[in-house]
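Working notes, beginning with the structure itself.
Atoms within a ligand are numbered from 1 in the order they appear, just like the ligands themselves.
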Amino acid sequence: MRQSSAGLSFRSLHLSLRFVLPLAVALGLLAYGVVPLIDGLMLRWSVRDMDIRSRLISSTLQDPLSELMRKGERQRISSLLVRVNQDERLLALGVCDNESRLLYKTPAFPAALSCRQPEHSGSDPEHLIRLPQGPVHVAVSPIGDESGSVGSLVLIHDMSFMERRSADTRQYVILLFAVLGVVISLITVFVAHLSWRGWMEGVRAMLRGEGILRPFAGQQAVTSSELQPLVGDLRALLRTLDAERRFADDATIFWSADTLRKLLHKELSGDQVLVVSNREPYIHSQEGETIRVQRPASGLVTAVEPVMKACSGTWIAHGSGSADRQTVDAHDRVGVPPEKPAYTLRRIWLSREEESGYYYGFANEGLWPLCHIAHVRPVFRSNDWQQYVAINRRFADAVVREAKTDDPVVLVQDYHLALLPGYIRAALPKATVITFWHIPWPNPESFGICPWREEVLQGMLGSTILGFHTPFHCKNFIETVDRYLETRIEHESSTISHNGKLTMVESYPISIQWPSPWQESQASVEECAREIRSSLGIGPDCLVGIGVDRLDYTKGILERFWAVERMLELHPELVGRFTFIQIAAPTRTALDDYQNFDAQVRALAARINKRFATASWQPLVLRIEHHEPEEVNRYYRAADVCMVTSLHDGMNLVAKEYVAARDDERGALVLSQFTGAAHELHEALLVNPYHIEQTAEALHEALVMPEYEQRERMRSMRALVRDFNVYRWAGRMLLDAARIRQREKLAARIGGLARVR
Ligand code: G6P
């Protein structure tokens, strides 16, 4: 209440000032400048009139008067003067002789005047005399002819009319100024109102980030014209501030679960965080009488889980496990991790048909091969698309239901949910939607074959922030939008404005937890090496290589096996002394492409083993089954070399996991140049997996790498993964989101103020 009455009085004060000020200025001008000026002018004009008039009368009387004066006809002179005096302006006349004696005068001739040229006040014009009965104009002109002067004529005009005229004029001027003052005040208020609104709109647009965009042809600029000169400066300032802040953050913040928790508390205090993904972080499966909990092999889950633990939010995902329904409450929620719940998992249910169209169909037969240039032809079916649309809507409904406020922070994950950001924005316009695309984004030509490319792009542009792993993927996305949608793109700030809403496109290289969750509990490297070797029947002197992937055609598993084969051909001394273990988690097994790939991998491994195997050794160990992350960690610690040979990969967290697992600073990494990780892990042995010889040589180089070199490379890569860990990935996005939210809240406040006015 207090606030609103203060606001009102401020408002009325402001309004009155807007009216009163112009009026006061107008009246001040009137009192101190205009009225005296007009009075002076009027006086001069009147005196000049009287001068002319007096000259006219005296020249008319010149001849008759001089004649009558010479003749001495006193009577006729007096009556002539009385006749002339009938003019209403002429107060009196007098005739003087050459000695300035007043010989004749009309009755009203003022006693104070004589024949001499009267004195006048310095400020008045000549001939104006102020007498007690009022101002008079006195003109004295000689009377005479060729034979000489006979005297002079004194004409006295009444000037009191001048005061009446001046009073009238003053009245008109005051009236005119009052009207002008009111008109100017109204115009001022009107213009001020318009420009205030314009400014506010402009400032609000800028705070939302829209003001920093150029208008495109045919569209009006978002920023009002008077703000245009400021926009460049503000844009530069905001960018510099953001860059400086990022730089300062990176230099000073060590990102950990605790940092992330504190950041969420400080920057997004009280704001609800929701994560939405297709894959759930915990799958409950019925195995006989018991229910088993499984952690899926997914880079996405690996990355997002630590964030959720830090912020205790809600994760909405497809409940795909056979015992998932039995483990949720009445609201389809379950606390996870099961051993020590830290956040809520909210499950969404899909029928077989829905899963087949939305997940297997459009997402994994369409978008997945479309975005990974792995030369598997994408398949697009209308039915799949319809399911994709319907399930994205279902996820959106769940977000709306789980949202406790109208402005939650929603982290949308991956290509299964491209339409979700648009639906969330429509239902919860104040929500901050951060979408992260975990897979690559292709060039516009490649993406252009998608029959629903516009819909997909529009859906994604519902995001406040759209994240990719690398600047290259961001660039591809922006170019794709530029090609297929009508939007405004600001390349400098990497923002896209679509339907009046802004999306920031930014690269946030994903990473893993640091330190590893098994840091304290894990067995020593020697123990892991012993255990793995003995469990797989590998001799103690045998070098070990490891590959860990989902059994996916994008992972370059065939190319990796061919490289192992080629390496054994080129370096036969390693036959019997090197074993490559491939862990492959079965994935999307319902799809033909994956079944075929599974068969190809098995066949190739069998062929190579047959070719090189001895009674006690085989070059390839293939484990096509699910492995829990902790178990995978033991393999990493046991392996002398890790091979990551994806044909195209958003990031590939296996590369980072291997580095993180090697706290002994040993081991070497062979890494495909087509992964996001290759942009960060420069000390890995980078290869083109399509180039089998090159990969084979890199593998050999890794196996014979001196210890000191392994240490140098591993130390540098570990430092990078330590500093650029998953908390930083999430923290960077959440910090950017917090900044955008602050700007939007400020914009809304200014908007509210502008509306009150
Ligand atoms: C990998 C990709 C993720 C993707 C996930 C899906 O981790 O990097 O982008 O979401 O696979 O795997 P899924 O088994 O759920 O199909």
- Message: Parallel, tilted or perpendicular, judged at 30° and 60°: which one describes the rings of His469 and His438?
- Response: perpendicular
- Message: I want to know if ligand 1 touches Tyr359 in the polar sense, i.e. an N/O pair below 3.5 angstrom.
- Response: yes
- Indicate yes or no: does an N/O atom of Asp414 lie under 3.5 Å from an N/O atom of ligand 1? yes
- Report the member of Arg550, Arg279, His469 with the shortest heavy-atom distance to atom 1 (C) of ligand 1. Arg550
- Message: So that I know where these two stand, are Tyr508 and Phe436 an aromatic pair - ring centroids less than 6.0 Å apart?
- Response: no
- Message: Within the 4.0 Å heavy-atom shell around Ile439, which atoms of ligand 1 are there?
- Response: 9 (O)
- Query: Hey, does the Lys NZ or Arg CZ of Arg588 hover above the aromatic six-ring of Trp368, less than 6.0 Å from the centre and inside 45° of the axis?
  - Reply: yes
- Query: Arg588 heavy atoms, cut-off 4.0 Å: which ligand 1 atoms fall inside?
  - Reply: 6 (C), 11 (O), 12 (O), 13 (P), 16 (O)
- Query: Is Tyr415 close to ligand 1, meaning an N/O of one under 3.5 Å from an N/O of the other?
  - Reply: no
- Item | Proximal atoms of ligand 1 relative to Thr587 (non-hydrogen, under 4.0 Å) | 14 (O)
- Query: Hey, is Gln413 touching ligand 1 through its side chain, its backbone, both or neither, going by heavy atoms under 4.0 Å?
  - Reply: neither
- Residue pairs meeting side chain to side chain donor-acceptor pair (under 3.5 Å), one or both in residues 450-466, sequence neighbours left out, come to Thr435-Ser463
Return all side-chain donor-acceptor pairs below 3.5 angstrom for residues 274-285, not counting sequence neighbours, or 'none' if the list is empty.
{"residue": "Ser277", "atom": "OG", "partner": "Arg279", "partner atom": "O", "Å": "2.6"}
{"residue": "Ser277", "atom": "OG", "partner": "Trp315", "partner atom": "NE1", "Å": "2.8"}
{"residue": "Asn278", "atom": "OD1", "partner": "Tyr358", "partner atom": "OH", "Å": "2.8"}
{"residue": "Arg279", "atom": "NH1", "partner": "Ser320", "partner atom": "OG", "Å": "3.4"}
{"residue": "Arg279", "atom": "NH2", "partner": "Tyr359", "partner atom": "OH", "Å": "3.0"}
{"residue": "Glu280", "atom": "OE1", "partner": "Arg347", "partner atom": "NE", "Å": "2.6"}
{"residue": "Glu280", "atom": "OE1", "partner": "Arg347", "partner atom": "NH2", "Å": "3.3"}
{"residue": "Glu280", "atom": "OE2", "partner": "Ser320", "partner atom": "N", "Å": "3.1"}
{"residue": "Tyr282", "atom": "OH", "partner": "Glu305", "partner atom": "OE2", "Å": "2.4"}
{"residue": "His284", "atom": "ND1", "partner": "Thr327", "partner atom": "OG1", "Å": "3.4"}
{"residue": "His284", "atom": "ND1", "partner": "Arg347", "partner atom": "NH1", "Å": "3.4"}
{"residue": "His284", "atom": "ND1", "partner": "Arg347", "partner atom": "NH2", "Å": "2.8"}

- Query: Can a salt bridge be assigned to the pair Asp549 and Arg560 using a cut-off of 4.0 Å between side-chain N and carboxylate O?
  - Reply: yes
- Going by heavy atoms, is Met651 under 4.0 Å from ligand 1? no
- Look at the rings of Trp385 and Tyr388 and say which category their plane angle falls in: under 30° parallel, 30 to 60° tilted, over 60° perpendicular. parallel
- Enumerated ligand 1 atoms positioned under 4.0 Å from heavy atoms of His416: 10 (O)
